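Naming: A, B, ... by sequence-line order, numbering from 1 per chain. Remember, predicted model here, so these are calculated numbers, not experimental data.
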There are 2 protein chains.
Amino acid sequence: MAFSIGELSRRAGVKVPTIRYYEAAGLMPPAPRSDGGQRRYGRADAERLTFIRHARELGFEPEAIRELLDLTAHPEQSCATIDAIAARHLREVERRIASLGRLRDELARMIGECGHGRIGDCRVVETLADHAHCAGEHP
Amino acid sequence: MAFSIGELSRRAGVKVPTIRYYEAAGLMPPAPRSDGGQRRYGRADAERLTFIRHARELGFEPEAIRELLDLTAHPEQSCATIDAIAARHLREVERRIASLGRLRDELARMIGECGHGRIGDCRVVETLADHAHCAGEHP
DNA sequence: TCTACGATCTCTAGCGACTAGAGGTTCAAG
DNA sequence: CTTGAACCTCTAGTCGCTAGAGATCGTAGA
């Protein structure tokens with residue numbers, strides 16, 4: 001039920017030094033220690049760390065991840081607070097899904113044309129380059 | 001038709017020093033210079049840079065972005081090469097869309113429960129923490 | 001044409017998020 | 001017990017930017 005940092009590393013797919021870094025950075029809680037001073041972890045830590053890894057791979061910044069983790073950690077805070085934070089992240093997530101959807105379609109089209117012996121022209125750049133209007137981001 | 005780095009910065013939503021950094025890093029081609037040595041850009045540069053920004057926001061590493069840009073830049077390379085690279089990115093993009101979809105559903109559920117006066121428990125962590133099986137990533 | 005001043009130039013240094021290594025301690029299988 | 005892999009802390013390095021410093025360019029207005 002209690003396992004080492006190496007085991008946690010294997011379960012979550014996050015390198016050992018990175019786990020220690022996340023603890024120092026406040027993304028992971030300070031782990032309880034064995035008599036000899038080594039960190040001990042449980043299932044919840046593996047889940048939390050796996051979430052952090054996925055969120056990082058998806059391009060979320062540590063600050064955003066912290067907020068998402070807080071949603072889980074403090075369900076007692078007001079509905080309005082949760083709603084505002086969740087809604088903001090929801091909009092962001094939907095933007096990303098839309099962008100990735102366009103990229104997926106373009107990649108699929110290229111592969112399809114390849115199969116028919118044509119070297120189709122590639123519009124990967126145009127695919128994500130347009131839609132500059134989805135911005136409203138840089139003040 | 002030819003504009004400055006500041007103008008490019010505004011069009012693409014990327015800071016001026018970052019543009020110079022991308023040039024040094026090889027993500028942007030070396031820009032032609034004015035008589036006085038200032039960089040001059042065209043429409044294609046703005047598109048490319050906007051693509052880079054979007055791809056970075058979506059969590060793609062510079063190396064992956066370089067590959068995607070190369071797909072566009074060298075349509076003359078063999079079908080097999082293009083197919084392999086595009087297929088790999090397609091799988092990755094689909095994984096991300098699936099992950100984001102789960103996160104979106106969970107955020108939407110929380111907001112929905114908020115609206116009905118309940119402070120629903122938050123499962124955002126579980127949402128992305130499971131599915132460790134989609135790994136095959138860390139050797 | 002001259003001038004002023006904002007934009008651009010290069011260069012160096014700093015920061016956030018890791019990552020790698022040195023040197024020493026702990027744990028657990030034998 | 002012993003011993004070697006795994007852990008500890010600490011420092012230093014890398015990558016992707018970001019923020020000055022000090023000098024030069026370019027253009028609008030007198």
Side-chain angles (χ1 to χ4, degrees), chain A residues 1-42 45-46 48-69 135 137-139, chain B residues 1-42 45-46 48-69 128 137-139:
Chain A
M1 182 60 203
F3 45 86
S4 73
I5 197 170
E7 176 64 19
L8 177 63
S9 167
R10 249 163 277 125
R11 292 193 190 192
V14 174
K15 290 177 185 161
V16 168
T18 306
I19 297 173
R20 290 196 274 253
Y21 171 77
Y22 283 162
E23 180 177 320
L27 277 180
M28 290 294 287
R33 303 298 184 108
S34 72
D35 288 356
Q38 300 192 354
R39 275 164 260 247
R40 290 297 114 119
Y41 295 96
D45 296 303
R48 185 182 177 101
L49 186 54
T50 306
F51 172 81
I52 293 171
R53 174 170 68 86
H54 280 145
R56 292 295 288 126
E57 284 170 6
L58 292 170
F60 289 97
E61 314 237 312
E63 181 52 34
I65 296 175
R66 220 182 302 272
E67 263 187 13
L68 288 169
L69 288 169
E137 314 161 26
H138 7 280
Chain B
M1 182 59 203
F3 45 85
S4 73
I5 198 171
E7 177 65 19
L8 177 63
S9 168
R10 250 163 275 125
R11 292 194 191 190
V14 174
K15 291 178 185 161
V16 167
T18 305
I19 297 172
R20 290 196 274 252
Y21 171 77
Y22 284 161
E23 180 177 320
L27 277 179
M28 289 292 288
R33 305 297 183 111
S34 70
D35 288 355
Q38 301 193 352
R39 276 165 260 250
R40 290 297 115 118
Y41 296 96
D45 296 303
R48 185 183 177 101
L49 186 53
T50 305
F51 172 83
I52 294 172
R53 175 168 68 84
H54 281 146
R56 292 295 288 125
E57 285 169 6
L58 292 171
F60 289 96
E61 314 236 313
E63 181 53 36
I65 296 176
R66 221 182 303 272
E67 263 189 13
L68 288 170
L69 288 169
L128 286 192
E137 315 162 26
H138 9 279

- Range on DNA chain D touched by chain A - first to last nucleotide, heavy-atom distance under 4.0 Å: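 Contact span on the strand: dC7(D) to dT9(D).
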Enumerate donor-acceptor pairs with a distance under 3.5 Å from any side-chain N or O in residues 2-9 of chain B to protein atoms, sequence neighbours excluded.
unit_1 : atom_1 : unit_2 : atom_2 : d
S4(B)  : OG     : G6(B)  : N      : 3.3
S4(B)  : OG     : E7(B)  : N      : 3.3
E7(B)  : OE1    : R10(B) : NH1    : 2.8
E7(B)  : OE2    : R11(B) : NE     : 3.0
S9(B)  : OG     : V14(B) : O      : 2.7

Using 0.5 Å steps for rounding, measure from the [atom1] atom of [X] to the [atom2] atom of [Y].
{"X": "L49(A)", "Y": "Y41(A)", "atom1": "CG", "atom2": "OH", "result": "8.5 Å"}
{"X": "I52(A)", "Y": "R56(A)", "atom1": "CD1", "atom2": "CZ", "result": "10.0 Å"}
{"X": "I19(B)", "Y": "R53(B)", "atom1": "CD1", "atom2": "CZ", "result": "11.0 Å"}
{"X": "D45(A)", "Y": "R40(A)", "atom1": "CG", "atom2": "CZ", "result": "12.5 Å"}

| said: According to side chain to side chain donor-acceptor pair (under 3.5 Å), who are the partners of R20(A), at least two apart in sequence or on a separate chain? | reply: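 Per chain and number, R20(A) pairs via side chain to side chain donor-acceptor pair (under 3.5 Å) with no residue.
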| message | Please give me the minimum heavy-atom distance between A12(A) and A46(A), naming the atom from each residue. | response |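 What the structure gives for the nearest pair is CB-O, 4.2 Å.
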Axial bend angle, the helix from dT1(C)-dA30(D) to dG30(C)-dC1(D): five-pair end segments, nearest 10°:
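Inter-axis angle at the termini of the helix from dT1(C)-dA30(D) to dG30(C)-dC1(D): 20°.
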With sugar-phosphate taken as primed atoms, P, OP1 and OP2 and all else as base, the protein-contact string of nucleotides 9-30 of chain C at under 4.0 Å (heavy atoms; B, S, -) is SB------BBS------SS---
Expected list for residues 21-30 of chain B: side-chain donor-acceptor pairs under 3.5 angstrom, two or more places apart:
unit_1 : atom_1 : unit_2 : atom_2 : d
E23(B) : OE1    : R39(B) : NH1    : 3.2
E23(B) : OE2    : R39(B) : NH1    : 3.2

